[in-house]
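Beneath this line is the structure, given in structure tokens, with notes to follow.
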Protein chains: 4
Amino acid sequence: MNAPSFIKRLLRNALHPNERARAHRKAKETIELCHALLSERGEVSGAALARETLAAYRNLPETALPSFFDLLVSEFSPDPAELAEAYQDYFAQPSPDGLIRLQRAIEPPRQELFRRLNMAAGGTATLVEMREQLLAAIKSRPEWKGIDADLAHLFGSWFNRGFLTLERIDWRTPAIVLEKLIKYEAVHEITGWPDLHRRLEADRRCFGFFHPALPDEPLIFIEVALTKGMSDAVWPLLDLDSPVADPQAADTAIFYSITNCQKGLRGISFGNLLIKQVAQELGREFPKIRTFATLSPVPGFRAWLAAALEEPAATAAGRAAAEALKRLDEPDWFKQASVAGRMQEHLMPLCAYYLIHAKSNGEPVDGVARFHLGNGARLERLNWLADTSEHGLQSAAGLMVNYLYRLDDVENNHEIYVKQHRVVASPNLKKLARECPLLQPPGKR
Amino acid sequence: MNAPSFIKRLLRNALHPNERARAHRKAKETIELCHALLSERGEVSGAALARETLAAYRNLPETALPSFFDLLVSEFSPDPAELAEAYQDYFAQPSPDGLIRLQRAIEPPRQELFRRLNMAAGGTATLVEMREQLLAAIKSRPEWKGIDADLAHLFGSWFNRGFLTLERIDWRTPAIVLEKLIKYEAVHEITGWPDLHRRLEADRRCFGFFHPALPDEPLIFIEVALTKGMSDAVWPLLDLDSPVADPQAADTAIFYSITNCQKGLRGISFGNLLIKQVAQELGREFPKIRTFATLSPVPGFRAWLAAALEEPAATAAGRAAAEALKRLDEPDWFKQASVAGRMQEHLMPLCAYYLIHAKSNGEPVDGVARFHLGNGARLERLNWLADTSEHGLQSAAGLMVNYLYRLDDVENNHEIYVKQHRVVASPNLKKLARECPLLQPPGKR
Amino acid sequence: MNAPSFIKRLLRNALHPNERARAHRKAKETIELCHALLSERGEVSGAALARETLAAYRNLPETALPSFFDLLVSEFSPDPAELAEAYQDYFAQPSPDGLIRLQRAIEPPRQELFRRLNMAAGGTATLVEMREQLLAAIKSRPEWKGIDADLAHLFGSWFNRGFLTLERIDWRTPAIVLEKLIKYEAVHEITGWPDLHRRLEADRRCFGFFHPALPDEPLIFIEVALTKGMSDAVWPLLDLDSPVADPQAADTAIFYSITNCQKGLRGISFGNLLIKQVAQELGREFPKIRTFATLSPVPGFRAWLAAALEEPAATAAGRAAAEALKRLDEPDWFKQASVAGRMQEHLMPLCAYYLIHAKSNGEPVDGVARFHLGNGARLERLNWLADTSEHGLQSAAGLMVNYLYRLDDVENNHEIYVKQHRVVASPNLKKLARECPLLQPPGKR
Amino acid sequence: MNAPSFIKRLLRNALHPNERARAHRKAKETIELCHALLSERGEVSGAALARETLAAYRNLPETALPSFFDLLVSEFSPDPAELAEAYQDYFAQPSPDGLIRLQRAIEPPRQELFRRLNMAAGGTATLVEMREQLLAAIKSRPEWKGIDADLAHLFGSWFNRGFLTLERIDWRTPAIVLEKLIKYEAVHEITGWPDLHRRLEADRRCFGFFHPALPDEPLIFIEVALTKGMSDAVWPLLDLDSPVADPQAADTAIFYSITNCQKGLRGISFGNLLIKQVAQELGREFPKIRTFATLSPVPGFRAWLAAALEEPAATAAGRAAAEALKRLDEPDWFKQASVAGRMQEHLMPLCAYYLIHAKSNGEPVDGVARFHLGNGARLERLNWLADTSEHGLQSAAGLMVNYLYRLDDVENNHEIYVKQHRVVASPNLKKLARECPLLQPPGKR
């Protein structure tokens with residue numbers, strides 16, 4: 001089953017009536033198995049019936065999925081009458097037993113269904129995939145939100161940090177896991193096995209969280225370079241032919257890529273925990289490493305900038321910047337030293353301003369900034385021409401950022417961030433932001 | 001912390017006021033950490049705060065537990081006002097979002113607290129122990145039922161069959177696991193390492209379910225003897241000096257002991273699944289083994305018998321039986337052939353009757369019978385003088401039973417048992433039961 | 001260190017005197033460490049001195065190796081005087097003690113040196129590499145044969161079958177091992193990771209022998225295809241895009257590639273054992289598989305044929321064949337049906353004759369035939385246009401052979417082969433061989 | 001097969017002629033298999049014939065072993081004629097090839113036989129046991145020395161340090177290994193599983209060397225206590241009920257027991273390497289531990305003392321000592337403070353003298369002293385009433401010794417010990433030795 005094509009079909013909704021009837025019949029058959037699995041018989045049959053039901057689900061043509069989800073809603077939701085009765089009883093005479101009964105009345109039978117499906121081998125993987133399917137279409141089918149809530153609730157419980165293992169991934173890792181890195185990597189594409197091999201050499205580290213029920217599937221993984229000094233550009237890290245450095249000489253760990261692998265686990269967050277635990281691991285293995293920082297993209301910068309420049313600038317500096325920045329769409333602008341120099345002058349303050357002050361609902365507009373600042377990191381340094389890949393130029397004019405993780409400060413930084421809606425940034429970055437040409441002259445603010 | 005002494009203190013309730021105040025203060029401090037763990041700060045601090053809270057809980061003197069549980073009830077239960085509002089909104093205008101909100105309003109914050117506690121190493125073990133503590137006292141403190149329900153709900157999700165591994169336990173198993181068998185064995189006491197070693201020889205098998213978060217703790221284990229023919233007595237199986245038989249010559253697997261290990265997991269059922277999966281494993285390893293049966297105690301027989309004999313018997317046979325059975329309390333009665341012979345005549349039909357017909361709420365009075373019949377086993381054979389240990393004589397006059405597991409029949413047997421309230425038994429046993437001297441003469445029934 | 005370039009330098013022998021002196025000095029220093037390692041001090045220092053000596057050897061420039069080997073000969077060979085004395089004593093008065101003393105006198109101190117070097121981590125790998133270096137140059141330096149004999153003797157003892165583990169290699173194998181397959185594969189080149197992945201799919205098996213001291217290094221590995229019927233061409237097996245077949249439907253296991261990985265273990269034979277043990281493993285996993293056969297190249301065929309055709313043919317058939325076979329060097333001759341047809345007529349009998357009758361010292365001229373026949377396999381079938389790669393056409397005009405392994409027959413086949421110098425072949429192949437056009441007419445033989 | 005009873009029978013030599021004939025026939029049959037295994041057939045048959053031969057050997061009644069060993073001597077020794085010829089050729093014209101040929105001529109075919117036996121599963125274990133059998137009787141059968149030499153030579157190669165793994169043994173170790181500790185412990189008997197458990201608690205460490213071919217068999221193991229200060233008595237370490245100390249608080253590691261497990265590996269030395277490697281491991285795990293020392297018995301002290309006291313003493317002090325020491329055989333002498341006090345005065349200097357000066361062939365008389373001093377340890381301290389078990393009193397009047405391992409000094413200490421025949425001892429111990437009452441007055445020396 002393939003999510004995108006599934007959505008397309010769904011949206012086109014262009015099934016022939018016969019085909020639709022057949023799909024509905026298949027969905028109905030699978031739902032019958034689900035009912036059996038929830039019955040007494042399901043209890044005694046052990047995993048056999050779970051296996052059968054799971055296989056039936058996996059064999060559903062994707063055209064049958066909408067019917068299947070619809071039936072999950074109509075036939076496995078809480079019974080309103082029972083719920084109302086339990087509620088009335090409880091509020092008439094509150095008691096622990098009454099509350100327990102009310103809780104049971106409100107838990108959709110789907111949850112127990114999913115738990116029983118999970119008894120069969122491969123159950124967890126299939127349920128995670130089911131949610132991926134569901135999420136791919138949920139915008140157009142809000143009535144399925146309850147299914148999603150049930151799966152999310154179960155996954156939140158099952159994928160509890162206490163059940164995950166942090167595992168180092170290196171060249172000794174089974175190929176079946178390594179190929180997943182190539183497949184999933186979301187920040188800096190891995191171009192193949194030689195690229196992967198370079199990222200697992202002695203001067204690199206890679207760690208992932210794994211769950212015992214998904215042994216070949218990283219849930220999330222992070223790539224780290226052990227360097228001297230804080231990296232100011234990503235291309236040296238991605239260069240396949242770069243010499244392998246001595247990790248014992250490193251003083252800095254640069255987290256240059258972090259990827260959530262399972263779309264079906266969206267919203268079950270691991271990244272925060274992973275970064276800190278990896279920092280601790282590295283600190284133990286390399287006592288000389290004192291600096292833990294990311295080298296991160298600024299994905300929303302140019303979109304924000306374009307919008308910002310559309311408004312007539314209030315200052316001469318702003319107008320000059322707007323004029324200069326028109327050349328951003330010229331190919332290879334950054335290769336001409338003079339052009340690049342002028343651009344840098346304008347872009348650095350703008351980007352600092354963007355990261356520190358551009359907010360939406362009190363939080364930074366930039367998604368990567370939200371993630372790291374929410375984890376308690378500090379906005380440390382802006383790096384010019386740090387990612388001159390096409391993607392890097394298009395999204396952030398080649399700029400990248402270091403977020404600094406000082407383990408002793410993260411709790412405090414986090415509180416400042418959450419309670420005062422304030423971005424924790426280095427003095428240099430704050431100074432840069434104050435030079436932003438878009439700022440109105442002091443008197444007018 | 002030790003549950004029984006904890007109960008005693010609780011019941012005696014004999015704490016000095018100073019001690020009580022101190023205990024309450026400790027409980028309060030731990031509860032403060034629980035609140036912090038549930039806050040924003042808990043989210044970002046990773047496992048550190050969970051670790052700290054867990055340690056505080058573990059260090060609570062047992063005298064502080066009642067206060068701690070009371071606070072878990074008073075401070076981490078659902079908010080009635082919020083619940084009422086969510087309910088009104090939902091019923092005014094039902095929607096998926098409204099239902100999700102209602103579900104959230106009714107889930108006690110305790111559940112999230114427990115999930116966060118679980119993030120720290122050893123969290124799962126501590127929560128299982130917490131429930132053991134709780135259950136030991138819950139009869140006298142019904143207001144704690146909500147805590148129990150929350151833990152039971154979580155454990156039902158966490159200890160899902162899909163997350164358990166079936167592991168063979170043998171002489172290659174780490175000692176740290178093996179000592180648990182000695183500690184937990186609940187049916188036929190293991191007297192020490194030599195006894196354990198004999199039970200793990202080539203003509204035996206032992207399997208257990210394990211959970212990844214409790215690697216050194218079997219959740220349940222089962223002991224099997226590979227025999228020729230169906231065992232009719234347990235003492236040869238328990239004889240340390242019995243010669244080790246050739247397992248390849250066996251045609252029968254006798255399940256002679258099954259033990260649930262974790263009191264804190266009461267009600268989370270594994271036994272049903274374990275027996276069947278072990279039968280499958282053994283069938284694969286030993287294709288010659290065709291019979292899978294238990295050799296089980298009849299724990300409730302003599303208690304039931306004593307009550308039954310108190311009523312004046314309606315038949316001469318009944319009176320004769322009552323008279324003869326008075327000798328059951330004589331020491332070593334079973335060693336005199338003539339006495340034993342007469343006893344057998346009376347007891348066998350009585351026990352068959354007990355197992356097949358003695359019911360309470362439609363289910364067999366005998367707990368072991370309920371378990372195996374509920375699993376779809378068949379009551380197969382009654383064995384005379386099968387367990388002449390003191391316990392065996394006291395509880396069942398030395399009688400034991402074989403329950404037969406035919407994998408092809410268990411689903412069907414289970415349905416008969418559940419739907420028709422009928423005990424599936426072998427023709428022989430049914431015939432024996434019809435000879436029960438307590439039965440009224442045919443005309444009167 | 002790189003063997004070929006080492007040989008070249010050695011043969012060119014073109015070192016500048018200064019460089020030669022420096023190399024000799026380095027070799028001398030390492031030899032001093034070897035002496036220390038063999039002394040009392042070596043005994044007590046544990047692995048530390050071994051580590052140091054090993055490191056010194058590994059750091060030797062390749063220009064120093066000849067000196068190093070020369071010194072191993074001159075300074076670590078048996079002492080002739082001591083040997084003579086021990087011999088005289090023993091033959092004057094034979095005794096167990098005398099024999100033991102003689103054995104000790106004749107064992108070169110090198111052997112103990114190598115054993116002590118092996119104490120350090122990585123010792124075994126380095127010694128295997130040392131022999132690879134040695135073998136690369138030994139033809140021009142016969143005085144080093146004693147070193148080779150010592151290493152071969154040790155390796156024969158260390159790499160005893162009892163110490164090897166047979167391991168399945170699949171997509172779960174660590175990448176560090178998998179990349180070795182790509183590197184070492186000697187029969188049908190593996191073009192990269194996708195090619196490797198295809199060879200490890202569900203319808204394939206790969207096994208290797210490993211030694212505990214070289215955990216990441218296969219000693220030998222074999223690739224197997226699970227097929228219906230005996231494969232008659234190799235290109236379908238090497239096709240990356242071929243669909244993955246259901247292994248449960250297979251009736252035949254085709255060994256299509258077997259590679260010895262370690263040049264330093266030349267002469268320590270594993271292949272014989274590997275094929276038979278893999279056949280047993282596969283027979284256990286797939287009871288339906290009854291045929292175990294290779295699909296093998298005929299590496300020496302065209303070289304032999306060229307020589308054979310140089311002699312004036314004794315028969316008209318021979319002359320016709322010689323005439324026809326001139327087209328073998330035309331490009332793509334095999335793509336023209338008519339040409340290919342005539343070729344087949346001539347080549348099949350010639351190749352059958354070659355495999356069965358072309359011998360040297362009583363053994364088949366063809367190396368692959370020697371190997372499989374010596375293992376007790378039977379020459380089963382000749383396959384036309386089975387390998388039309390350039391290499392396959394150049395060496396064997398596209399022909400390949402199936403050698404059949406019937407486990408019940410291998411011992412007997414082997415005896416026939418060894419004692420009667422007779423090639424065990426299928427009736428069809430024997431018949432083909434009798435049609436060979438090079439044969440003189442019956443009357444003349 | 002059980003070595004002692006085997007020896008007894010051998011020595012009694014009391015077999016009935018029929019039985020003897022039968023035993024000889026069995027031995028002969030096994031030897032026939034050995035010949036087959038060495039033949040061509042053995043080469044091709046893979047491990048099957050090795051398995052068969054091994055099984056035949058294992059099934060030999062012990063009465064057949066002498067015949068078996070005799071046949072190993074008579075039929076698998078070097079051929080004198082071939083040896084003589086190879087020798088003549090070699091000395092007539094020395095060449096590498098000639099030397100290799102001579103080496104082959106002198107290697108008994110037994111060695112290749114043993115190597116081929118090793119190919120079957122369990123081969124290594126059986127060969128080690130074979131040598132144990134052999135050694136138990138070799139004193140009375142010197143003609144078997146050649147067999148022993150061959151096995152010892154192979155084992156020296158196979159059990160090379162580079163092939164051993166150092167493994168920590170703790171309560172997580174499989175029971176099948178742990179029971180071997182109970183069985184083999186040679187210094188301070190392990191009385192059962194509770195005793196063993198105490199020796200594996202958090203304040204203890206146990207390590208062993210293992211060989212991959214004998215995974216359940218420690219070759220040697222060492223028990224270590226982590227203490228504050230250097231232990232001066234062994235009974236606190238052996239006390240089952242002693243509280244478990246915090247290992248992080250320890251500053252000293254006391255090696256209080258080291259046991260060679262395999263009699264069949266006599267003379268293949270591991271102890272030296274084990275102590276040093278364990279010291280390194282512990283140093284890494286516990287940086288606060290600076291002192292590594294043994295607490296060792298003085299097994300030969302009282303035997304030496306008895307002999308020394310038989311000679312008439314040259315000094316008054318000597319006579320007084322002799323007089324006082326007569327009470328050593330009184331039961332519980334050490335419990336009377338006054339007696340013990342006087343004894344201590346006499347015994348401490350005597351024992352110091354014994355350890356430092358009592359020599360035989362230039363080496364200390366005491367076997368334990370030879371071992372540790374030969375490893376480069378220093379004789380550090382004598383401990384009064386350190387082992388008051390019956391064995392401790394009988395062998396050493398309750399005295400024990402600490403040998404100190406300073407890793408930086410061991411090489412140097414070893415050289416002093418080997419080259420100058422001098423015992424490296426602490427100043428205190430040297431001073432004590434000078435006070436020995438047996439010493440003649442200064443003027444007379």
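Chain naming here is simple, since letters A, B, ... match the order of the sequence lines and numbering starts at 1 in each.
Between A/Gln103 and B/His153, the side chains place no donor N or O within less than 3.5 Å of an acceptor N or O (distance only, hydrogens not considered).
Both the backbone and the side chain of B/Ser157 come within contact range of chain A, with heavy atoms under 4.5 Å apart. Residue A/Asn160 touches chain B through its side chain alone, counting heavy-atom pairs closer than 4.5 Å. When heavy atoms are compared at a cutoff of 4.5 Å, B/Phe114 does not approach chain A at all. Heavy-atom distances place no part of A/Asp148 under 4.5 Å from chain B, backbone and side chain included. For B/Leu102, the parts sitting under 4.5 Å from any heavy atom of chain A are the backbone and the side chain alike. Only the side chain of A/Pro78 comes within contact range of chain B, with heavy atoms under 4.5 Å apart. Heavy-atom distances place no part of A/Ala121 under 4.5 Å from chain B, backbone and side chain included.
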Could you walk me through whether A/Leu99 and B/Ile106 pass side chain to side chain contact (heavy atoms under 4.5 Å, CB included), step by step?
CA-CA 8 Å; A/Leu99 183 63; B/Ile106 209 168; 4.2 Å; yes

Dump the intermediate steps for side chain to side chain contact (heavy atoms under 4.5 Å, CB included) on B/Arg161 and A/Asn118, then the final yes or no.
CA-CA 7 Å; B/Arg161 173 65 190 94; A/Asn118 193 61; over 6 Å; no

Side chain to side chain contact (heavy atoms under 4.5 Å, CB included) between B/Trp158 and A/Phe163, intermediate numbers included
CA-CA 9 Å; B/Trp158 287 349; A/Phe163 302 137; 3.5 Å; yes

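Rounded to the nearest 0.5 angstrom, A/Ile100 CD1 and B/Lys145 NZ are separated by 7.0 Å.
Atom CD of A/Gln420 has more than 12 neighbouring heavy atoms from other residues, nucleotides or ligands inside a 6.0 Å radius. Around atom CZ of A/Arg101, more than 12 heavy atoms belonging to other residues, nucleotides or ligands sit under 6.0 Å away.
Contact tally against chain A (heavy-atom pairs below 4.5 Å) for B/Pro80, B/Ala84, B/Ala120: the top residue is B/Ala84. With respect to chain A, the highest number of heavy-atom pairs below 4.5 Å among B/Leu154, B/Ile147, B/Val410, B/Asp97 belongs to B/Asp97.
A side-chain contact (heavy atoms from CB on, under 4.5 Å) with B/Tyr87 is found for exactly one of A/Phe91, A/Tyr90, A/Tyr87, namely A/Tyr87.
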